Amino acid sequence: MRLSTEDIINKYQDRLFATSFSICRCAEDAEDIVQDTIIKYHQSNKDFESEEHIRAWLIRVCINLSKNLVLSFWNRNRMPWEEYMENLHFTEESDKHLFEAVMALPEKYRIVIHLFYYEGYSVQEIARILHRREGTVKSQLTRGRRILKEELQEEWRDDE
């Protein structure tokens, strides 16, 4: 099964951007990675089993490209994501605090939290995408949630 590149862009561009941004924390880099991911799909001759297989493949490629960028030499000399936060607008202040808390998580927790809550993947699907054991994904979700809960409770107590 193959979808046209135009269909891939229309259906997955925003999800790929969110996935990449959760790793590299830079909008411009995330946009570049989305483009590179779509180009890789367009150039591949791979025949996919289903649309879900295409989606998982796209996210896996996007994650790999994002990680490669984060580890690159160039990445060490750029603007922190906190400065980008000044350009984002949230409808509620609590949304901003949640976003900041998620972005502050260590990468291994941030990725699984993003895939589970924002992309709607199950633990089994995340394990397959990230090439990890289900138990590892479950424990990373649990630890990520615990960190978020502690961070958000501290902010809530500070507001009282």
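Predicted model, so just to flag it, every value in this text is computed and none were measured. Basis for what follows: all heavy atoms, side chains included, without hydrogens, waters or symmetry-related copies.
Inter-residue side-chain proximity for C62 and I33 is flagged as met; some heavy-atom pair is nearer than 4.5 Å. Put simply, the side chain of W57 reaches to within 4.5 Å of the side chain of K40, judged on heavy atoms. Looking at I54 and K11, their side chains never come closer than 4.5 Å, going by heavy atoms from C-beta outward. Annotation: side chain of L130 is in contact with side chain of R60 (closest heavy-atom distance under 4.5 Å). The closest side-chain heavy-atom distance from F116 to V137 is not below 4.5 Å. Looking at I126 and E134, their side chains never come closer than 4.5 Å, going by heavy atoms from C-beta outward.
Counting all heavy atoms, side chain and backbone alike, E107 lies closest to V70 at OE1-CG1, 4.4 Å. Between F21 and A30 the shortest heavy-atom distance is N-CB, 3.7 Å. The shortest non-hydrogen separation linking R132 to V112 is NH1-CG1, 3.8 Å. Between D29 and C24 the shortest heavy-atom distance is CB-SG, 3.9 Å. Taking both residues in full, the closest heavy atoms of A127 and R133 are given as CB-C, 4.0 Å, listed atom of the first, atom of the second, then distance. Residues V34 and L16 share a closest heavy-atom pair of CG2-C, 3.6 Å.
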- request: Tell me, with the steps shown, if R2 and S44 meet side chain to side chain donor-acceptor pair (under 3.5 Å).
  value: CA-CA 10 Å; R2 293 275 306 172; S44 77; 3.1 Å; yes
task: Could you walk me through whether R145 and I113 pass the side-chain contact (heavy atoms from CB on, under 4.5 Å) test, one step at a time?
output: CA-CA 8 Å; R145 288 179 190 133; I113 292 285; 4.2 Å; yes
task: Report the C-alpha separation of H114 and E119 in whole Å, then their side-chain angles, then the decisive distance to 0.1 Å, and conclude whether the side-chain contact (heavy atoms from CB on, under 4.5 Å) test is met.
output: CA-CA 7 Å; H114 175 81; E119 297 299 327; 3.2 Å; yes
field: Test log, rule side-chain contact (heavy atoms from CB on, under 4.5 Å), inputs L3 and Y41
entry: CA-CA 10 Å; L3 295 175; Y41 174 82; 3.8 Å; yes
field: side chain to side chain donor-acceptor pair (under 3.5 Å) assessment of Q124 paired with S122
entry: CA-CA 5 Å; Q124 296 82 9; S122 69; 3.2 Å; yes
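Note that CG of L141 and OH of Y117 are 6.5 Å apart. Values are rounded to the nearest 0.5 Å. Rounding to the nearest 0.5 Å gives a distance of 10.0 Å between CD of E100 and CG of L152. To the nearest 0.5 Å, atoms CD1 (I63) and OG (S22) are separated by 7.5 Å. Q153 CD to E151 CD: the interatomic distance, rounded to the nearest 0.5 Å, is 10.5 Å. For the atom pair CG of L58 and CZ of R15, the computed distance is 11.5 Å after rounding to the nearest 0.5 Å. Taking CD1 from I39 and CD1 from I8, the interatomic distance works out to 14.0 Å, rounded to the nearest 0.5 Å.
In this structure, R55 is positioned above the aromatic face of Y121, its NZ or CZ under 6.0 Å from the six-membered ring centre and within 45° of the axis.
In this structure, the side chain of Y12 does not engage the main chain of I38 through any donor-acceptor pair within 3.5 Å. A distance-only check finds a donor-acceptor pair linking the side chain of S139 to the backbone of T136 [under 3.5 Å]. Under the 3.5 Å distance criterion, the side-chain polar atoms of R25 are matched with a main-chain donor or acceptor of M103.
Between F48 and H53, the angle of the ring planes goes over 60°, which puts this pair in the perpendicular group of the 30/60° scheme.
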